[in-house]
2 protein chains.
Amino acid sequence: MTVSQRANRPRIHIKATPAWSPKQGEEAGHLMLSPSEQAELGRLAEIVEYRTAKSEILAQGEPANFLYLLVDGVVQACHALKDGQRQIVAFYWPGDLFGLAEQGVYVNTAEAVTPCAVYRFPFRRLEQFLLENPKVQQGFFVKAIHDIRSAQRRTIAMGQLDLPRRLAAFLVDCSGHGRYFDRENAMLSLPMSRYDIADYLGASAESVTRAFALLEKNGLLLRWGPRKLEIKTERMMAFSGTD
Amino acid sequence: MTVSQRANRPRIHIKATPAWSPKQGEEAGHLMLSPSEQAELGRLAEIVEYRTAKSEILAQGEPANFLYLLVDGVVQACHALKDGQRQIVAFYWPGDLFGLAEQGVYVNTAEAVTPCAVYRFPFRRLEQFLLENPKVQQGFFVKAIHDIRSAQRRTIAMGQLDLPRRLAAFLVDCSGHGRYFDRENAMLSLPMSRYDIADYLGASAESVTRAFALLEKNGLLLRWGPRKLEIKTERMMAFSGTD
DNA sequence: CGGATACTTGAAAAGTCTCAATCCGCGTGG
DNA sequence: CCACGCGGATTGAGACTTTTCAAGTATCCG
């Protein structure tokens, strides 16, 4: 882990679909921040880089002092149960916020799936800043609502879809993140392992493999390697129930 | 459904556990609103009452013009899939907000489980009000974060817990809502049917019944009637994995 | 190139679903 | 007030999905 103070910082991009129709001038799928808001927000934060996969960024049960904005890479939020089982609650992609806390304590562990870079905001100062910048706070609010929707979609998938369909929905999801999906050849580079996918889908790794085999048999994808998949996007979406 | 303009309105109570430790003076588990904020917010809203169970409050796919605050009763959010399956995404209890929208359209259908009363806020005016009242907006933000946590807990339950445990967790949840749980006798009055519970837990109604039978056999509850349950709260929490 | 890890496959066991039949409880009308 | 009827709730049996455990194979990284 490296904390950097480099001058040349990436723009603050927060991904979110609004609850209401986007207003004119808004960049599709991203919150709109004015240059000065960008700058001030950026001043609150440090950039931190995690160079290796599986680096732990924050731990379930620890005091929560920071909110994180993922700039580059993929991060997973894991929740450990008493009996040792773990559920991957979410995968985060660039533009996502993470570091969910309850009563001052992190609810999940966040770890790097790939090497990654994050903005790290001290909670207290961020809270103060948001109070003084209602437009920005509204942006964070919209992002929170966006995340509620994602979480609900996931609940629906877990409750109603069988494993092959859940997997299909997951792959469609992954294909929405440009950095790992080459639209040209419909080639998806999965950053995470079968075990991670299994813990995300609430299934065993073996079942995930079997579900992959099924999707391949039905012509929804081709496995060029365990993590190199050619996706038949239309069929995949139709099958998963994702409209 | 009845829209009322009665002068004597209930207080606006929004239930939420904060992400950070509550500050002194905050009412435990509720957002803190000053009397004037209460009054102004109240002025934005209408009170609407739904006198019969199963009344539809808002419908999936319809244009979203209002955000709802549940004052009294129980409401469920149902999501219908293309193939006709339905998932109950959430049950709402007094103090909960509902009416989740995406791009101006409701994502779920909300219907009354019991007769109920709600505050109904026009989105646009509420949005404006929140921009002008950062403290209140922060409150709504905290509520949204609270709801993200609930949704994540649900994901974990769906992914990791078998049906009896999911049911136990659900019952523990229900027992947290005073109006339907008599702490004196540990007697829970379920407002919803087996089918509703099934669609909430992602299971069949028959399986839910069998799970009830199992919990009873193991001494975690007593069924006085299908919807009258004596809960052994400690054992139930221990079993469900709810700390 | 070798070793460790990740992935895949097979077979038996467990959990849940579906379908069908039955039972209960509550509100209605006689 | 009681009998009836209907929807909700329960129970049983067989089918199907997913898990678990065990073994084998591919892949990646040093």
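Here is the naming used below: chain letters follow the sequence lines, and residue numbers restart at 1 for every chain. Since this is a predicted model, take the numbers as computed values, not measurements.
For B:V89 against B:R154, the heavy-atom pair with the smallest separation is O-NE, 3.0 Å. Of all non-hydrogen atoms in B:F212 and B:L229, the two that sit nearest each other are CE2-CD1, 3.5 Å. Minimum interatomic distance between A:L58 and A:G99 (heavy atoms only, all atoms of both residues): CD2-CA, 3.8 Å.
In this structure, a donor-acceptor pair under 3.5 Å is present between the side chains of A:Q152 and B:N108.
Side chains of B:Q103 and A:T17 form a contact here, defined as non-hydrogen atoms less than 4.5 Å apart. Side-chain contact between B:R86 and B:I88 is present, with at least one heavy-atom pair separated by less than 4.5 Å. Annotation: side chain of A:W224 is in contact with side chain of A:M187 (closest heavy-atom distance under 4.5 Å). Residues A:C116 and A:D72 form no side-chain contact, since every pair of their non-hydrogen atoms from C-beta on lies 4.5 Å or further apart.
Atom NZ of B:K228 and atom P of D:dG8 are 17 Å apart (whole Å). The separation between A:L167 atom CG and D:dT18 atom P is 11 Å, rounded to whole Å. Here the P atom of nucleotide C:dA6 and the CG atom of A:L190 are 15 Å apart, to the nearest Å. With rounding to whole Å, A:L161 atom CG is found 14 Å from C:dC17 atom P. Taking atom OH of residue A:Y195 and atom P of nucleotide D:dT20, one finds them 13 Å apart after rounding to whole Å. Straight-line distance from the CG atom of B:L163 to the P atom of D:dT17: 19 Å, rounded to whole Å. Here C:dA6 presents its P atom at 13 Å from CG of A:D199, a figure rounded to the nearest Å. Taking atom CZ of residue B:R223 and atom P of nucleotide C:dC24, one finds them 12 Å apart after rounding to whole Å.
For C:dC7, one of the phosphate oxygens OP1 or OP2 lies less than 4.0 angstrom from a side-chain nitrogen or oxygen of A:R227.
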Practice prompt. Go through the steps for B:F66 and B:F123 under the test ring pair (Phe, Tyr, Trp, His ring centres under 6.0 Å), then give the verdict.
Written response: CA-CA 5 Å; B:F66 297 101; B:F123 265 147; 8.1 Å; no
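In this structure, A:S204 and A:W224 both approach DNA chain D, and ranking their closest nucleotides by distance from the 5' end singles out A:S204. Nearest-nucleotide positions on DNA chain D for A:P164 and B:R194 put B:R194 closer to the 5' end.
For the helix from C:dC1-D:dG30 to C:dG30-D:dC1, the axis fitted to the five pairs at one end and the axis fitted to the five pairs at the other end meet at an angle of 40° (nearest 10 degrees).
Listed by residue number, there are no residues of residues 79-90 of chain A with a heavy-atom contact under 4.0 Å to DNA chain D. Near-neighbour residues of DNA chain D inside residues 206-221 of chain A, defined by a heavy atom below 4.0 Å, number-ordered: A:E206, A:S207, A:R210.
Within the 4.0 angstrom heavy-atom criterion, no nucleotide atom of any strand lies near A:A205. As judged by a 4.0 angstrom heavy-atom cut-off over every strand, A:R166 is placed among residues making no nucleic acid contact.
Looking at B:Y50, B:F121, B:F98 one by one, the single match for ring-ring contact (aromatic ring centres under 6.0 Å, His included) with B:Y68 turns out to be B:F98.
Put simply, the side chain of A:Q87 gets close to the backbone of A:D199: a donor and an acceptor are under 3.5 Å apart.
The aromatic rings of B:W93 and B:H177 lie parallel to each other, their planes meeting at an angle below 30°, with 60° marking the opposite boundary.
Comparing atom distances between the B:D162 side chain and each of C:dA6, D:dA9, C:dG15 picks out C:dG15 as nearest.
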